[in-house]
Structures are given as C-alpha cells and as structure tokens.
Amino acid sequence: MSIVKQIQQAAIQSLNELFNQSFTNKDFQLNQTKPEFEGDYTIVLFSLVKSLKLSPDDIGNQLGKHLTQKEESIFTKFNIIKGFLNLTIVDEYWLTILTRSYKDVCFGKKEMNGKKVMVEYSSPNTNKPLHLGHLRNIFLGWSTAEILKANGNEVIKTCIVNDRGIHICKSMIAWQLFANGATPKSTNTKGDHFVGEYYVKFNDELKKQINELKKQGMNEKEAEKETPIMKQAQQMLLDWEAGKPVLISLWNKMNSWVYEGFDITYKKVGADFDKAYYESNTYLLGKKIVEEGLQKNVFAQDEDASVWIDLTTDGLDRKIVQRSDGTSVYITQDIGLAQQKYEEYAIDQSIYVIGDEQNYHMKVLKLIAEKLNLPNAQNIYHLSYGMVELPSGKMKSREGTVVDADDIVNEMENVAKAKTEELGKVKDFTTEELTTLYTTIGLGALKFFLLRVEPKKKMIFNPEESIDFHGFTGPFVQYTHARIKSILRKSEIQNSKFKIQNLLPLEKKLLIILEQFGGVIDKAANEHNPSEIAIYVFEVAKIFNSFYAEHSITNAESEEKKQLRLQLASMSATVIKSGMQLLGIDVPERM
RNA sequence: GGUCUGGUAGCUCAGCUGGAUAGAGCAUCAGCCUUCUAAGCUGAGGGUCAUUGGUUCGAAUCCAAUCCAGAUCACCA
C-alpha cells in the first residue's frame, strides 16, 4: 500500500478514536510537505475545523500525538505551522521500501484487474504519408495503452484504416492520368510517399482546372464541382462502390503500397496493433442500426427518406444518420463499429484517440450510442488531443508546411548523431550500436517532446529550433539512466539490510519520489494522460542528478552508505526505465 | 450566432478534486570537470496567473460576466 493511503487510513482511524467521528480521505487534504518546512507529508487541518469545532492547532496537536504514539512504525515526529500538520516518516519505512523494491522491474505496476480496454489510435487515411500530428496521435495512443496495462487492464490496441472514400480516389485518378505505370519500386520511393505525391498532383491539376473555369466566370465553389477531374473522382467512388473489378485491383494495389510505407514508419516508431479495422469493411455497417433506431423511435425519417436524430434537447443539433439515397454516413459506420468492437471483444471501455477537431462528432456518437442503448455506450471515451501547430499556424498540406513523420524522425536521429559525436563518449561503439543509439535518442527526444504536454492542449513545434536535448527532455532522462548504469557496472550491490542512522535529505527526497511511482501510474491511467508519467520521470531524473552531484556513491563515507546509495541508484534506474517504457522510449546503457 | 477548449515568466510548459512565499525547462547572467559520464550540478534576475466581480478563514484553482485565440455546428470523412 502506498504511503499516502497509509497516512490517510491512519489519520482517519486516529480521528475516529480521538473524536468519535468518521471521516473519509476526501475530508482532509494530504500533500507532500514543502521543502521549506520540516516533514515528509502534510495534513491540511482547516477542513476539519468545522465538524470538530476545534482550532486547527488543537486538532493538529491531538492528531499528531496520537499518530506518533499509535503508529510509531510509520511516524516519528510532527510539527504544526499555521494549520498544517507536518508529519515525518521514520527512516526505516523508506529503507524497507528500498531494500524490498530496488531491483523489482514491476515496481509500481498493478495486478490484473480483469477489465478489458480497447484503445483505437492512429487511424490514418491511405492517400498520403503520416505527419507530425499523426505521431502525436500514435505516441499518445500507444503510451495510454501501455499505462492502462501497467495499471492492471487487459488492453487491445486497434486502428481503423480509412482505406476508401473520395480521398483515395483522388490519388488513384492522378496516378491513372500522370504516372505512366510508375510504381514505388520503379521510382525507388517509399509507398505512402509515392501515393501521396499523386494526391498532391490531383490537387495541382484541380487548381489548374478551377482557374480555367473561373476565367469563364464561375465562382470557386461552382468551379470545383464542375472540374472534369473532380467529376472523374466522384464517378470513380461510385464505380468503386459498385465493385468495378479494374478499379478494385488498382485500389488494392495503391493501398498495398501505402501499407508497406506505413509499416516501415510504424515499425520505426514502435507502434503496434492487435487488430486493424478497415473502413472498406465497416462502411456498410450501420444499416441495421438505422433500422433498429427507427423501430425504437430514436431516429426519424424525413419525407425524402433521409434518416435523422434530433439532439436539440441535448443542446446539439439534428444529425443525419442515413442519406436520402439510403447510403450511410460517417457517423453511422462509427456506431456500427462501436457495437462490433463490443461484440467481438466484450470490452469494458472503448477509447478513441482522435484530434479535438472531432470533439463534436464524438459527443454525438456517444449520445446516439446511449440513446440506442448500446451495451458499452457509457464507456466510450474520446481521448481528445490538440493539434500540433507551427509558429506560423496550422500545418497545411496544400502550402507544403506539413512536417512529415519520416523526415522528422530522420532529422532527430541526425541531431542525436551530431551531439553524440561532439561529446565523443561512445567512440568504442560498433556502427550497429551507434545506429541503434541515434534512433533511441532521436526518437526519445521526439516522443518525450510530444508526450510531455497534456493531451488536450494544442502544441507548437518550431522546426527552426528543432527539439532540445537539455533540460525537460527525453535525452536528459536517458542520460541520467546511462549515468546510473555506468556506476552499477562498476560496483556490486549486496542484497543486505543495513542500519542507517539517518537518511540525508537528498537520499530521502529520492526515496519519497520513487515510492510515488505506483500512484503516478494510477493517475495517468485514470486520466488517460501520459504527460503525468513524463513529468514524473523527469522529476526523478532531476532529483537523482542533484543527489549524484552532492554525494559520492562508490566513494561513500561508509560501506553501509555505499550499499544504500547503490540500491538507491539501482531503484532510480529501474523506475526511470519502466516510466520511459510507458512512454515508448528506450533508455540506453551508455550514451 | 450556438456549443466546446485554451489564456500562468521573453519562449515552451507544470500547478487547476481550493491551502504555506505560484514552479520547471529553454534563453540571459555568475559559479562548478586531477574524484562515480558536464546531454550534468549550484545560484541570480525574470509574474497584474487575460480582465472584472462573486463564493470562502483562504482563489492561479470554484462560480458569473467580459476580452483574446482556436475548434466545431454538412445528405464531407
């Protein structure tokens, strides 16, 4: 049990015994004591004043005395300052945690709780390569999944591939018109980039044709509809839905190129999926749902046969769920898929990692699912994240300001290489080891950069300044790990208990934060927020570095101190490593 | 216009289920490598927590209004 919970429990029990009143842990606040005061944890007394009808000092004195007497294996002393009861935990308590857990790679993680969670993330269109925004999505989804696992859930990672629709038709048309049979192989291009080039070509041609029509006096919108190339794309979509064989085979071919490209990127950044759904298989889902919804009177049909749901009583608008021609719209497929996911996996929670531009859509989806009484409707959770923007504003593919995923990964590796060579600490590495190290550091910097910010906040990426390797960054944490490992390679830890008269402030500070790991995982899991882990792991590294600068480990004052510090170092490395793993970041042994 | 999100140091961000003098990193300045990896450590300067009002013993945090920025409200996905 965590120290926080133990203190809460002890305090509740003491209050009960002292005043014969029962409290819960929500009735008083428990904080870590601020560094300028003596103590480890602090109970804020003000909130108890009303129900106990005593002054804060009075309560603090009685509670402090009672706790130190009754729970002397936990508390050693207390002081009260202005309504704050500062409690000092006995050193043996911290030392027990240390000797018990210093090499436990599962430290902080929970037993399986029997819950099943599905995390859907990435979900790209198949007409262009992945960009920095996708990377935020991928890292968030992957990390959230790992955090949920660490907190005891069974997790299914999934992905819905938007492999059909007008966007891919556009690439297909352009390929037919301009490629002369070129392939990724013949042009030596990565498949997703290859197809993306044709998507760009489509838009270039479209722009040309629009301009010509505009010269004839049409306005922009009319012109776009009337361009031959747009009409071709729309016709192609119809033909595709009709299953025209030539088209299907072209579609398969181009999608397979894209998948080859995606696979390379996924593998590089460490993304993986237990199950992939394809829109070409799910887009017809929902017909049944519409029928059922009509029967349940959740949906209503207009005169033109289109089907709607009225959400005005929920503060939203009317939403169409089936077109007048009987085809289903995006949201209908989503409802169908939501149900399918549940039927296939009987999941307890269904998480969607999707950008905040779809907040409204996801709200509607959940609301409809609830109104239809779908079994898992309540447990649909939209993990919404803000857009990644450039200093100049949004990334726009049309203006060529999109930061390509492969490019940025490459660039980070190059920066890692340059910095590593500059420092010259790993000259004995083989070429292979160096390549791995550059990837580890480059990706570490990138992932940490994208995960350290709270998901729902939009973030700004400045390509000019690139990503830092100092301070609140992945490489800083990785470096700390490498430093610790360097020490541990040189000295052997004896698994002995030791009696230490008193822990030095920095030793204790380290232990206190290390002990909190489990609580941090719990919070990150409940809030679906990997940035909690990033912030925590950085804090651990920072405290370790202070400790490292202040106290010698291998040349400690005594053999006992040396053993204590070796164990402390070992536990720090373990926690840093598992924390970083939850973010999808490797930590090197040397760098 | 309706709904939702954000606004904290020059920059990027923590803190937001109310608690002690609002914290980090970057940048700037001053120190620290003959001792375990200086991608590090120590210190300094830097704040009208968008604004105004309210609730409270206590507000960056909760409530209301206003201002600014963004997203969204399609028989697109």
Side-chain angles (χ1 to χ4, degrees), chain A residues 26 29 31 33-34 36-37 42 44-47 49-50 56 81-84 86 125 162 164-167 279 283 302 304-308 315-331 333-334 355-361 363-364 384 386-387 389 391 393-394 416 419-420 422-423 425-426 441 445 449 452-454 456-462 465 468-480 482-491 531-532 534-535 538-539 541-542 544-556 562 565-566 569 590-591:
Chain A
K26 290 195 171 131
Q29 223 172 57
N31 303 329
T33 306
K34 304 245 167 200
E36 55 268 37
F37 303 99
T42 297
V44 185
L45 301 163
F46 299 103
S47 55
V49 168
K50 238 181 201 168
I81 299 167
K82 292 199 296 181
F84 296 87
N86 302 317
N125 287 351
N162 298 308
R164 50 138 256 136
I166 195 75
H167 56 267
E279 199 193 324
Y283 83 107
D302 265 14
D304 66 0
S306 59
V307 181
W308 298 76
L316 305 177
D317 299 311
R318 251 164 60 99
K319 181 88 184 173
I320 192 160
V321 294
Q322 190 173 82
R323 297 192 187 94
S324 51
D325 64 6
T327 56
S328 65
V329 296
Y330 185 59
I331 191 119
Q333 308 162 31
D334 273 357
D356 63 6
E357 58 200 350
Q358 296 207 42
N359 283 355
Y360 181 79
H361 174 82
K363 205 169 165 182
V364 170
S384 169
M387 298 290 107
E389 294 181 4
K394 281 189 87 168
K419 300 234 176 193
T420 304
E422 195 184 310
L423 292 167
K425 293 180 182 179
V426 286
I441 297 174
F449 179 83
R452 66 177 199 179
V453 181
E454 192 188 351
K456 75 174 173 191
K457 294 209 175 174
K458 72 169 186 206
M459 59 191 303
I460 294 169
F461 170 76
N462 190 340
E465 295 172 9
D468 215 323
F469 280 40
H470 302 269
F472 186 16
T473 67
F476 169 88
V477 180
Q478 290 173 320
Y479 172 71
T480 308
R483 262 183 148 182
I484 298 173
K485 284 298 172 150
S486 164
I487 296 167
L488 295 178
R489 273 194 298 274
K490 289 172 189 158
S491 300
S531 76
E532 294 279 353
I535 292 165
F538 169 64
E539 206 64 38
K542 218 170 37 157
F544 181 85
N545 280 323
S546 297
F547 162 77
Y548 175 94
E550 189 72 26
H551 305 294
S552 177
I553 296 169
T554 43
N555 285 319
K562 181 177 169 183
R565 289 181 189 160
L566 282 171
R590 291 179 56 196
M591 68 185 272

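Excluded from the calculations below are hydrogen atoms, water molecules and symmetry mates; all remaining heavy atoms, backbone and side chain alike, are included. In what follows, chains carry the letters A, B, and so on, assigned in the order in which the sequence lines appear, proteins first and then strands, with residues in each chain numbered from 1.
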Which is true for A/Ile441 with a 4.0 Å heavy-atom rule: it touches a base, it touches only sugar-phosphate, or it touches nothing? base

Taking any heavy-atom pair under 4.0 Å as a contact, classify A/Phe538: base, sugar-phosphate, or nothing. sugar-phosphate

Can you find a side chain N or O atom of A/Lys457 that sits less than 4.0 Å from OP1 or OP2 on B/rA14? yes

Could you tell me whether a side-chain N or O of A/Arg565 sits under 3.5 Å from a main-chain N or O of A/Ser552, the two making a donor and an acceptor? yes

Counting only side-chain nitrogens and oxygens, does A/Lys82 get under 4.0 Å of the OP1 or OP2 atom of B/rA20? no

Could you check whether A/Lys26 gets within reach of a base, just the sugar-phosphate, or nothing at all, counting any heavy atom under 4.0 Å? nothing

Measure OH/A/Tyr330 against P/B/rU72 and give the value in whole Å, please. 13 Å

Nearest-nucleotide wise, let me know which of A/Trp308 and A/Phe547 is further upstream toward the 5' end of RNA chain B. A/Phe547

Distance between the P atoms of B/rG7 and B/rU12, in whole angstroms? 13 Å

Would you confirm whether A/Ser328, through its side chain, and A/Tyr283, through its main-chain N or O, come within 3.5 Å as a donor-acceptor pair? yes

Sugar-phosphate, base or nothing in reach of A/Thr420, heavy atoms under 4.0 Å: base

note: A/His361, atom NE2; B/rA74, atom P; distance rounded to Å ~ 13 Å

Measure from the ring center of A/Phe547 to the ring center of A/Phe544 and say whether it is less than 6.0 Å. yes

Euclidean distance, atom CZ of residue A/Arg483 to atom P of B/rU35 [Å, nearest integer]: 13 Å

Any strand: nucleotide that pairs with B/rG53 via Watson-Crick or wobble, under 3.5 Å: B/rC63

Just to be sure I understand the rule, does A/Glu279 reach a base, reach only the sugar-phosphate, or reach nothing, if contact means heavy atoms closer than 4.0 Å? sugar-phosphate

Checking base pairs now: Watson-Crick or wobble, both atom distances under 3.5 Å. What partners B/rG45? none

When you measure from the centre of the six-membered ring of A/Phe538, is the NZ or CZ of A/Arg452 closer than 6.0 Å and no more than 45° off the axis? no

Give A/Val453 one of three labels, base, sugar-phosphate or nothing, depending on what nucleic acid heavy atoms sit under 4.0 Å from its own. sugar-phosphate

For A/Ile535, answer base if it contacts any base atom (sugar-phosphate contacts may also be present), sugar-phosphate if it contacts only those atoms, and nothing otherwise; contact means non-hydrogen atoms under 4.0 Å. sugar-phosphate

Using the rule given for side chain to side chain contact (heavy atoms under 4.5 Å, CB included), can you reason through A/Arg318 versus A/Asp302, listing the C-alpha separation, both sets of side-chain angles and the distance that settles it, and then say yes or no? CA-CA 12 Å; A/Arg318 251 164 60 99; A/Asp302 265 14; 3.3 Å; yes

Would you say the side chain of A/Ser531 and the base of B/rA14 hold a donor-acceptor pair, judged only by whether the two atoms sit under 3.5 Å apart? no

Output yes when a side-chain donor or acceptor of A/His167 lies under 3.5 Å from a complementary backbone atom of A/Asn162, and no otherwise. yes

Counterpart base for B/rG1, defined by Watson-Crick or G-U wobble contacts under 3.5 Å: B/rC73

Whether A/Thr420 side chain and A/Ala416 backbone form a donor-acceptor pair below 3.5 Å: yes

To the nearest Å, how far apart are A/Leu45 CG and B/rG58 C1'? 14 Å

Does B/rG7 have OP1 or OP2 under 4.0 Å away from a side-chain N or O of A/Lys456? no

Look at A/Lys319 and B/rC73 and indicate whether a side-chain polar atom (N or O) is within less than 4.0 Å of OP1 or OP2. no

B/rA74, OP1 or OP2 - any side-chain N/O from A/Arg318 closer than 4.0 Å? no

Value in whole Å for how far the P atom of B/rU3 lies from CG of A/Leu316: 11 Å

Selection from B/rC13, B/rA20, B/rU37 that lies nearest to any side-chain heavy atom of A/Lys34: B/rA20

Verify stack between A/Tyr479 ring and B/rG40 base, 5.5 Å, 30 degrees: no

With the side chain defined as heavy atoms from C-beta on, A/Asn359 is closest, among B/rU72, B/rC4, B/rA20, to B/rC4

Who does B/rA24 pair with, Watson-Crick or G-U, both distances under 3.5 Å? B/rU12

Checking base pairs now: Watson-Crick or wobble, both atom distances under 3.5 Å. What partners B/rC36? none

Could you check A/Lys419 against A/Glu422 for salt bridge (Lys or Arg N to Asp or Glu O under 4.0 Å), going step by step and ending with a plain yes or no? CA-CA 5 Å; A/Lys419 300 234 176 193; A/Glu422 195 184 310; over 6 Å; no

Rounded distance in Å - CZ (A/Phe544) to C1' (B/rA38): 15 Å

At under 4.0 Å, does any side-chain N or O of A/Thr554 touch on OP1 or OP2 of B/rC36? no

Mark yes or no for a side-chain to base donor-acceptor pair under 3.5 Å between A/Asp334 and B/rA77, with no hydrogen or angle criteria applied. no

Which part of the nucleic acid, if any, lies within reach of A/Tyr360 when heavy atoms closer than 4.0 Å are counted: base, sugar-phosphate only, or nothing? sugar-phosphate

Rounded to whole angstrom, note down the P distance from B/rU56 over to B/rA44. 39 Å

Just checking A/Thr473: base, sugar-phosphate only, or nothing, at a heavy-atom cut-off of under 4.0 Å? nothing

For B/rG18, does OP1 or OP2 lie under 4.0 Å from any side-chain N or O of A/Gln29? yes

Under 4.0 Å, counting only non-hydrogen atoms across every strand here, what does A/Ser546 touch: a base, just sugar-phosphate, or nothing? sugar-phosphate

Ranking A/Arg489 and A/Arg452 by the position along RNA chain B of their nearest nucleotide, the one closer to 5' is A/Arg452

Just checking A/Met387: base, sugar-phosphate only, or nothing, at a heavy-atom cut-off of under 4.0 Å? nothing

Whole-Å gap separating C1' (B/rG18) and CG (A/Asn31): 11 Å

Stacking of A/Phe476 on B/rG40 base (centres under 5.5 Å, planes under 30°): no

Separation of the C1' atoms in B/rG45 and B/rG31, to the nearest angstrom: 15 Å

Using a 4.0 Å heavy-atom cut-off across all strands, classify A/Ser384 as base, sugar-phosphate, or nothing. nothing

Select base, sugar-phosphate, or nothing to describe what A/Phe84 touches, counting heavy atoms under 4.0 Å on all strands. base

Is there a side-chain contact between A/His470 and the phosphate of B/rG40, meaning an N or O under 4.0 Å from OP1 or OP2? yes

Which is true for A/Glu454 with a 4.0 Å heavy-atom rule: it touches a base, it touches only sugar-phosphate, or it touches nothing? sugar-phosphate

Euclidean distance, atom CD of residue A/Gln358 to atom P of B/rC76 [Å, nearest integer]: 16 Å

So, does A/Arg323 get its side chain near the phosphate of B/rA77, meaning an N or O under 4.0 Å from OP1 or OP2? yes

Roughly how far apart, to the nearest Å, are B/rA22 and B/rU61 at atom P? 14 Å

